Amino acid sequence: MSERGHYARQMFAFTDDHGWKLLAVLAFVGVVLPFVGLEEGIDMTILVELFLFAILALSWDLIGGQTGYPSFGQMAFFGVGAFTTAILVKDVGVAFPVAFAVAGLLTMLTAGVVGAATLRLRGGYFAIATLGVLLSAQQITRNLEITGGASGKILLDVPSDTVFYWTFLGLLIAEIAVVYYLQSTRFGYVLNAIRDDEGKLTAMGVNTTYYKTAAWMISALFTGLAGGSYSLFNTFVDPNVGYNLAWNVEMIAMALLGGSGTVAGPVLGAFGLHFAVVKIETWFTGWQLVVLGAVVIVTVIAFPQGIVGELRERASSMEYYKHGGQAASESPGGDDGGTDTDANGEHATDGGESL
Amino acid sequence: MAFAQFVVNGLLVGALFAAVAVGFALIWGVVDIINLAHGEMVMLGGYASYWTITLVNGSPTASPGLALASVPVAVAVLFVVGYALQRFVVSHVIGTDLFLTLLVTFGLSILIQQLGLQAFSADPRTISVQFAEQSLDIAGLVVPKVKLIAFVGAVALTIALFAFMKRTRTGRAIRAVSQNDEAAALVGIDVEHVRAVTFGLSSAIAGGAGAFVAMILNIQPQMGLIYTLKSFVIVVFGGIGSVPGALVGGLLLGTVEELTAGFVSSKWTLAVSFTLLIVLLVVKPQGLFGEGMGGEAE
Amino acid sequence: MSQPTQQRTESDSDVVLETQGVTKTFGGLTAVDDVDLAVEAGEIVGLIGPNGAGKSTLFNCITGTLTPDDGEIVLHGTTVTGKPEYEIAREGLGRMFQHTRVYGEMTVMRNMLVSAKRDGGIGSVLRRPSEEAREQATELLQYVGLWGLRDVRAGRMSFGQQKLLEFAMALMAEPDVLLMDEPAGGINPSMLNKLIEYIRSANTDREVTIFLIEHNMDFVMEVADRIYVLAHGEKIAEGPPAEIQENDRVLDAYLGRE
């Protein structure tokens, strides 16, 4: 364990120091691919989907993993973006870039309104309230004429796949850069502190509402932009595509599998899990959602912290024992080192003290 | 008159919602699990009853007696399903992060729903219960007999659960575990078993309600989430662990939905009941936060 | 009930924290009943009383976690009653919790940095923590002996270590007044002297006024300049430790003879 902890520690020291370089490598590979033989077709579609899910997982993680507000309704923003561009491009005749920008703006606005109501809730209440937002958004869209009702919209006159390849790649790189940068700022620290103990942070003089609303809106922005691009890329959107419940679970599973609360975790989790899903689709056509449900359950039970999270934990314990653990501060507590706060998840409950 | 008729319809359906919500609240209060797969238990209960009747009769048409006889089957099957889910799956995440329990139960929800699609297809199904006269006429209001039976059945299920919790040894053990699981373990209660029984009971009442849903509305593999969401609305309204609160909440929700369906369109019921939830949460945040899940109870 | 302390609180300009007739009820139960007290700059004041006396409720009223039903909270001469908790905290009121609370998933260093008093405008939020903040955090961590553990996840440390971290975090925010809810609770007896030393040096070197709830009588008698006693929500005594120890009402309250 200490051996592996050692490697994990080195790995984190490396990624923390060279984060920007790693991102540059990813960007370089992404940019070069179309020039070295990647052509429109199945391979490009798979890559676009990989980027898409990485964007979604990272967006979810910003609010769910970093801030501790587990949204089960993130796909509502995807749907808003998807229908916005679909309507603007098809019915209004607006150019894609303009529609794209409007979609981003509109999702952020929606997120502001939804957040005002839901972000005052914690834990399970927040989770189900956001799920309710998603289901309601789906029903409302199904009932409206402008969105094409239950049958949705078929979009034929759309940019080529290459355009979307660049769009999704650009979105992903921009999002990684934003989240990675934020992580090192006071803003990022505050988000993590909200996740760990919002009550404490408030008592320390921080108005958490601003921070979590901002995180929620950034998360919604990227989700909405991804949705806005996806409906055209997919050439079709209906309430089930735009507000895809299974995808909502999928993005959570990806973030969790990779390790939530990190940047690399959700991205790697998305690449890994989506690749698996693609394989499952070819091997067990029609059963992919069954497999997805099973994967989610097994992942959560086997790696509650995700893979990156697991490594990080090893690194941290390595650090603790390297410096002599308990002895380090000559302050033996009441029970010997057993007070590990995450024994009772701090996402949900803050210690309810006596009144 | 139309208004009174819609209210009657709403109350009749609302009792079913209440029974489902009581099960949802039970597992939330005792095991501290928000079971996002609770609605799937309703769905499975509906199919258990549907297939029992089809097996006996060769078609999903039943006399009132047979229809009623299929309810205990659904209850029993779902008790076993619930017990097994807790024992083999959910128990692994108890006491960890609340979010992990949400995710596992959401995973279960998808899994069961998708297996349901594979096994039963997406076609909505309904059990048709045969009466000589389909409806009663009470003071000008139409009361379908089958809905009346469902109403009485749902109330009976709720009362049975309530009595079970109050009167039996197991019920007392469940309450002990919900108050303090460590102390309960110290006095010799098998906490794991009690939690599984609780999950079983919660699923059983949902399953029983599902059987009635199959008789008065219809069942479909993807119906579950809506019932989970409805249960949540009701429990938020009534308070976790309050059976009378859940009953009132259920009847109210049923009435609001029927009024919406009657005066606007049935396409908007979900959006309306969800708006209701948001209003509730905004108006009554104190009540929510007091329940321990809402957060900063300092 | 309460001794006439009025003239003192009004005449003395050094009062930093004051409660005036604070009352809080829950349902039919009066948890805090018309409590007046005043804490002067530079003091270490203790608040004691039997279980259920309303001490934590009073703290929660002061910090704005709860809003009193009646009465006022005055901080630096301004009434802060009914203001949001975070605003009151920003006006120089620090707080440590009965059950130690740190940000469990964050490293010790980040726990410190996020607790820094916010300097600079809105823009500073989007920048890395300043060098000054890092130096201050470094100095405080060395002071409480946690510097070696700066990169450890805070939730992984022992209870005692977390308590020290919470103390360092509180000082990081540079409060004028620090409310401590049972600082000695759960601490190894061999550590108590060290804790007294920390509290004293925070009080003298960092000019933090300290107001603490404590159950450990030896501890509070040792550290406090002045003590208030609550029982059943009412203030029943106040004075220097020596006087309090002799006070019959206090003994009665503790022995349940009232």
Side-chain angles (χ1 to χ4, degrees), chain A residues 9 68 181-182 184-190 192-197 199-211 214 261 309 312-313 315-326 328-343 346 350-355, chain C residues 26 31 56-57 60 63 65-66 84-90 94-95 97-99 101-107 110-111 113-118 124-129 144-146 148-149 151-164 169-170 173 181 186-188 190-191 194:
Chain A
R9 219 165 64 80
Y181 176 73
L182 286 180
S184 65
T185 63
R186 181 178 165 80
F187 182 79
Y189 290 12
V190 168
N192 288 173
I194 289 176
R195 171 194 65 200
D196 288 357
D197 191 340
K200 163 91 179 169
L201 195 63
T202 307
M204 306 260 335
V206 178
N207 183 357
T208 57
T209 308
Y210 293 139
Y211 290 89
R312 192 165 280 261
E313 181 56 31
S316 178
S317 57
M318 173 80 190
E319 189 70 33
Y320 188 57
Y321 292 109
K322 195 183 84 180
H323 290 281
Q326 288 246 34
S329 69
E330 346 125 58
S331 65
D335 48 355
D336 53 0
T339 35
D340 200 345
T341 2
D342 59 19
E346 51 265 81
D350 305 75
E353 302 183 39
S354 61
L355 297 158
Chain C
F26 297 105
S56 287
T57 305
N60 282 331
T63 57
T65 314
L66 296 172
E85 196 178 356
Y86 64 88
E87 273 184 30
I88 297 176
R90 274 187 207 163
R95 172 176 205 186
F97 291 89
Q98 185 178 6
H99 305 285
R101 287 166 77 170
V102 297
Y103 308 117
E105 296 292 321
M106 295 166 72
T107 65
R110 287 193 174 206
N111 266 274
L113 292 172
V114 82
S115 306
K117 190 174 182 175
R118 217 175 87 191
S124 71
V125 164
L126 291 177
R127 281 199 293 274
R128 287 160 201 273
V144 299
L146 291 177
L149 298 177
D151 290 329
V152 169
R153 199 169 65 74
R156 165 157 274 293
M157 301 196 301
S158 73
F159 179 77
Q161 290 167 335
Q162 292 190 18
K163 202 139 206 170
L164 287 176
M169 284 158 72
D181 198 343
I187 288 266
N188 189 308
S190 65
M191 277 291 297
K194 188 130 198 189

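Being a predicted model, the structure only gives us computed values, none of them experimental. Below, read A as the first sequence line, B as the second, and so on, with proteins coming before strands; counting in each chain starts at 1.
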Exercise for the section: State, with a plain yes or no, whether a side-chain heavy atom of C:Phe26 is found less than 4.5 Å away from one of C:Thr57. Expected result: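 Side-chain contact under 4.5 Å: yes.
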Exercise for the section: Could you look at C:Ala31 and say if it's the side chain, the backbone, both or neither that has a heavy atom under 4.5 Å from chain A? Expected result: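 For C:Ala31, neither part sits under 4.5 Å from chain A.
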Exercise for the section: Measure distances from C:Thr63 to the heavy atoms of chain A and classify the residue's part below 4.5 Å as side chain, backbone, both or neither. Expected result: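 Contact with chain A: none, neither part.
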Any sub-3.5 Å donor-acceptor pair from [X]'s side-chain atoms to [Y]'s backbone N or O?
{"X": "C:Arg128", "Y": "A:Ser184", "result": "no"}
{"X": "C:Tyr103", "Y": "A:Val190", "result": "no"}
{"X": "C:Asn111", "Y": "C:Met106", "result": "yes"}

Problem - Part of A:Leu182 lying under 4.5 Å from any heavy atom of chain C - result: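 For A:Leu182, the contact with chain C is made by the side chain alone.
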Exercise for the section: Examine whether an atom of A:Tyr210 lies under 4.5 Å from a heavy atom of chain C, and if so say whether it belongs to the side chain, the backbone or both; otherwise answer neither. Expected result: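 Neither part.
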